[in-house]
Amino acid sequence: MRRRLLFCVLLMLLPLFAQASGFTRLAELADKGFLLGAEARLLDSGEVLGAIERERQLSPASVSKVYLAAAALDRWGPQHRFSTRLVSLAEPDADGVLHGDLVLDGGGDPMLTSEDLWRLTQRLHQAGVRRVEGRLVVSQWRYGPVECITTDRCQAHSRVANAYSALLSSAGVNHGSWCVSVAPAAVPGERARITSCDSQAPIVGIDNRVETQPDDSGTRLTAERVLRDSGDVMVVSGQISTNARPRTIYRASSDPARQSAATLLAMLGQAGIGVRDAAGVADTQPPAEARALAYVESEPLQELLLRTLNHSNNFMADQLALNLVESPRAGLVQAGGALEAFVAGLPDHGPVTLRSGSGLTPENRTSAAGITALLESMYRRPALFPSFVAALQSPANGVMGFLRRGSMTFQQHVMLKTGTLNQPVAVRAVGGYFRTRSGQWGVFAALVNGTSNTPWLNWQQVLDPLAADLEAMIDAH
């Protein structure tokens with residue numbers, strides 16, 4: 001009788017256990033040796049729809065950027081803008097001559113572009129400056145050069161074949177990356193025409209190894225930025241067809257502040273503003289009495305966050321995190337400390353370790369329960385939530401094509417941020433919001449970490465079961 005009673009009780013509890021686990025398909029990854037943490041719950045009722053080791057500390061990779069977005073909105077608000085100025089202790093005389101140094105005061109704008117530098121140049125011209133009898137100095141006194149603490153960024157100083165490992169500076173431009181344009185020559189057999197994107201005159205050194213091929217021969221390009229005795233050089237190899245359109249290539253520079261100096265110097269030349277002495281870089285703050293001759297402002301923070309999270313831009317994320325540190329000359333560890341201080345004020349979050357805002361640092365650790373706590377805290381802030389959720393991606397409409405999988409329910413009822421690392425172990429992480437069939441809001445997070453003994457992990461292995469599990473939760477409510 002006792003055994004029968006126990007059996008009946010267990011039978012009654014089975015649906016509750018099934019509901020509590022929720023992520024039945026995702027959980028199969030644990031059988032292959034992966035470490036999992038997951039949670040999904042409704043926000044208004046607090047009902048837990050699924051959970052797997054919800055408090056386990058795992059690497060979130062680029063899901064770290066949701067912490068950065070929340071902290072930035074909390075600190076500055078959606079409409080905050082960063083300023084970049086041209087200042088000098090001198091004033092232009094009647095002939096337009098500035099007898100002194102011209103200083104670019106880097107304001108930490110994470111999306112400062114060559115277009116902004118051109119606008120600064122035009123406003124300087126408008127202020128009456130025609131010649132600088134001194135130096136052009138780029139001041140990165142707020143932060144930079146920032147010590148590299150990840151392998152990719154440390155290696156990127158000498159050579160790099162990507163843009164996402166860009167080094168950091170409060171005076172960095174174009175996400176800390178050089179840009180060159182590759183166009184075919186007029187006839188096959190000749191070298192392609194390669195120019196800087198921002199100037200007719202070369203700004204960065206170019207080692208052109210691209211051959212022009214006949215029409216419809218295909219275009220295959222490889223590029224690496226290397227640091228030589230002469231400075232940064234873009235080594236571009238491959239082929240381009242005579243009827244191909246120009247191709248644009250970005251590669252991280254070895255020194256973002258010096259890149260800004262070279263780019264601005266070229267633009268001043270194009271605007272007819274001569275500079276007598278060579279351009280340089282300084283780590284000291286311009287004197288308080290320096291006069292602003294020109295300035296530009298960034299896009300509002302809500303726009304910066306959309307770019308940062310939608311494209312998972314590591315340069316922008318870490319720049320914003322560094323701006324959170326109030327004292328100058330900060331590094332990524334201090335930036336992570338500012339993020340951790342923000343998280344400490346979130347209800348029911350639990351432990352967190354953040355060494356960067358980008359998530360490039362493999363030491364970052366949080367839990368699925370922590371991520372959903374953060375997401376809930378932003379949901380309950382009506383003045384900030386619209387800007388926060390807008391920075392996430394809808395799988396059906398987001399810029400990342402690999403998210404367009406699963407049913408239309410998953411694609412149209414979910415907003416999310418993903419995170420990917422491949423070293424030292426594989427990481428695939430997701431966190432975001434969902435809307436159920438009845439219109440209820442929910443939060444979810446799923447962290448999948450490999451070990452030295454687990455097989456290769458791709459997004460299909462994670463997103464397909466996660467999409468199916470979330471679809472079942474959405475349809476059931």
Inset, instruction - Could you give me the CA-CA distance, side-chain angles and deciding distance for V182 and T219, then say whether side chain to side chain contact (heavy atoms under 4.5 Å, CB included) is met? - result: CA-CA 10 Å; V182 183; T219 297; over 6 Å; no
Legend entry - Main-chain N/O of G172 paired to Q319 side chain as donor or acceptor, under 3.5 Å: no
Legend entry - Main-chain N/O of S59 paired to N449 side chain as donor or acceptor, under 3.5 Å: yes
Legend entry - Spatial distance of atom NE2 (H175) from atom CG (N313) [nearest 0.5 Å]: 4.5 Å
Legend entry - side-chain contact (heavy atoms from CB on, under 4.5 Å), paired with T84, selected from V173, L120, L117: L120
Inset, instruction - Could you grab the distance from atom CG of L354 to atom OG1 of T361, nearest 0.5 Å is fine? - result: 7.5 Å
Inset, instruction - Would you check if L384 and P78 make a side-chain contact, meaning some heavy-atom pair closer than 4.5 Å? - result: yes
Legend entry - Donor-acceptor contact below 3.5 Å, side chain S170 vs main chain Y143: yes
Inset, instruction - Kindly give the heavy-atom pair with the smallest separation between I149 and C154, and that separation in Å. - result: N-SG, 4.3 Å
Legend entry - Minimum-distance pair of heavy atoms, taken over all atoms of A445 and A368: CB-O, 3.7 Å
Inset, instruction - Taking E133 for its side chain and R276 for its backbone only, find out whether a donor-acceptor pair lies under 3.5 Å. - result: no
Legend entry - Residues R131, D93: salt bridge by 4.0 Å N-O rule: no
Inset, instruction - Count the heavy atoms belonging to other residues, nucleotides or ligands that lie under 6.0 Å from CZ of R56, then report whether that count exceeds 12. - result: yes
Inset, instruction - Going by the side-chain contact (heavy atoms from CB on, under 4.5 Å) test, name the single residue among V160, D207, V233 that passes it with V226. - result: V233
Inset, instruction - Check whether any side-chain heavy atom of K417 lies under 4.5 Å from a side-chain heavy atom of S312, and answer yes or no. - result: yes
Legend entry - D232 bridged to R258 by N-O distance under 4.0 Å: no
Inset, instruction - Specify whether Y433 and Y379 have parallel, tilted or perpendicular ring planes, treating 30° as the upper limit for parallel and 60° as the lower limit for perpendicular. - result: tilted
Legend entry - Shortest non-hydrogen contact from T242 toward P214: OG1-C, 3.5 Å
Legend entry - Evaluation steps, side chain to side chain contact (heavy atoms under 4.5 Å, CB included), between T121 and L264: CA-CA 8 Å; T121 300; L264 180 56; 3.6 Å; yes
Legend entry - Interatomic distance, D318 atom CG to L167 atom CG [nearest 0.5 angstrom]: 11.0 Å
Inset, instruction - For T308 and K65, test the side chains for any donor-to-acceptor distance below 3.5 angstrom and give the result as yes or no. - result: no
Legend entry - Contact check, side chains of F342 and L374, non-hydrogen atoms, under 4.5 Å: yes
Legend entry - Check: S241 main-chain N/O paired with D216 side-chain donor or acceptor under 3.5 Å: no
Legend entry - Name of the residue among V137, L124, V129 meeting side-chain contact (heavy atoms from CB on, under 4.5 Å) with L102: L124
Inset, instruction - Taking S367 for its side chain and Q57 for its backbone only, find out whether a donor-acceptor pair lies under 3.5 Å. - result: no
Inset, instruction - For R245, look at atom CZ and say whether over 12 heavy atoms of other residues, nucleotides or ligands are found less than 6.0 Å away. - result: no
Inset, instruction - Verify whether one side chain among S177 and N174 offers a donor that lies under 3.5 Å from an acceptor in the other. - result: no
Inset, instruction - Considering only NZ, NE, NH1 and NH2 on the basic side and carboxylate oxygens on the acidic side, decide whether R130 and D95 come within less than 4.0 Å. - result: no
Inset, instruction - Using a 4.5 Å cut-off on heavy atoms from C-beta on, say whether the side chain of L392 contacts that of L309. - result: yes
Inset, instruction - List the steps and the verdict of side chain to side chain contact (heavy atoms under 4.5 Å, CB included) for L227 and D255. - result: CA-CA 10 Å; L227 178 59; D255 188 326; over 6 Å; no
Legend entry - Closest heavy-atom pair and its distance - L346, S377: CD2-OG, 3.6 Å
Inset, instruction - Output the distance between atom CD (E297) and atom CZ (R81), rounded to the nearest 0.5 Å. - result: 6.0 Å
Legend entry - Smallest separation among heavy atoms of S165 and D152, with atom names: OG-CB, 3.3 Å
Inset, instruction - Check the pair L332, L168 against side chain to side chain contact (heavy atoms under 4.5 Å, CB included), reporting the backbone distance first and the verdict last. - result: CA-CA 10 Å; L332 287 175; L168 305 167; 3.9 Å; yes
Legend entry - Heavy-atom neighbours of E326 CD exceed 12 at 6.0 Å: no
Inset, instruction - Tell me, with the steps shown, if D198 and T263 meet side chain to side chain donor-acceptor pair (under 3.5 Å). - result: CA-CA 7 Å; D198 303 314; T263 305; 5.1 Å; no
Legend entry - Geometric cation-pi criterion, R428 with W456: 6.0 Å, 45°: yes
Legend entry - Beyond-backbone contact of L301 with L320, side-chain heavy atoms, under 4.5 angstrom: yes
Inset, instruction - Using distance alone, with no hydrogens and no angle criterion, decide if N364 and S64 have a side-chain donor and acceptor under 3.5 Å apart. - result: yes
Legend entry - Pairwise side-chain contact, F388 with L375, heavy-atom cut-off 4.5 Å (strictly under): yes
Inset, instruction - Report yes or no: does N162 contribute a side-chain atom to a donor-acceptor pair with the main-chain N or O of Y164 at less than 3.5 Å? - result: yes
Inset, instruction - Answer yes when E115 and R119 have at least one side-chain N-carboxylate O distance shorter than 4.0 Å, and no when they do not. - result: no
Inset, instruction - Flag the pair L339 / V352 as yes when at least one side-chain heavy-atom distance between them is below 4.5 Å, and no otherwise. - result: no
Legend entry - Residues, nucleotides or ligands: over 12 heavy atoms within 6.0 Å of Y295 OH: no
Legend entry - Main-chain N/O of F82 paired to S298 side chain as donor or acceptor, under 3.5 Å: yes
Legend entry - Exam field: side chain S254 to backbone S158, donor-acceptor pair closer than 3.5 Å: no
Inset, instruction - Answer whether the closest heavy-atom distance between the side chains of L305 and S387 falls below 4.5 Å. - result: no
Inset, instruction - Using atom types as modelled and distance alone, determine if a side-chain donor or acceptor of R153 lies under 3.5 Å from a backbone N or O of A166. - result: yes
Inset, instruction - State whether the number of non-hydrogen atoms from other residues, nucleotides or ligands found under 6.0 Å of E147 atom CD is greater than 12. - result: no
Inset, instruction - Grab the two heavy atoms, one from A391 and one from N310, that are nearest each other, plus how far apart they are. - result: O-ND2, 2.8 Å
Legend entry - Spacing of I206 atom CD1 and S196 atom OG [to the nearest 0.5 Å]: 5.0 Å
Inset, instruction - Determine, for E340 against R355, whether the closest basic-nitrogen to carboxylate-oxygen distance falls under 4.0 angstrom. - result: yes
Legend entry - Distance in Å, I240 CD1 paired with R247 CZ, rounded so as to fall on 0.5 Å steps: 6.0 Å
Inset, instruction - For E289, look at atom CD and say whether over 12 heavy atoms of other residues, nucleotides or ligands are found less than 6.0 Å away. - result: yes
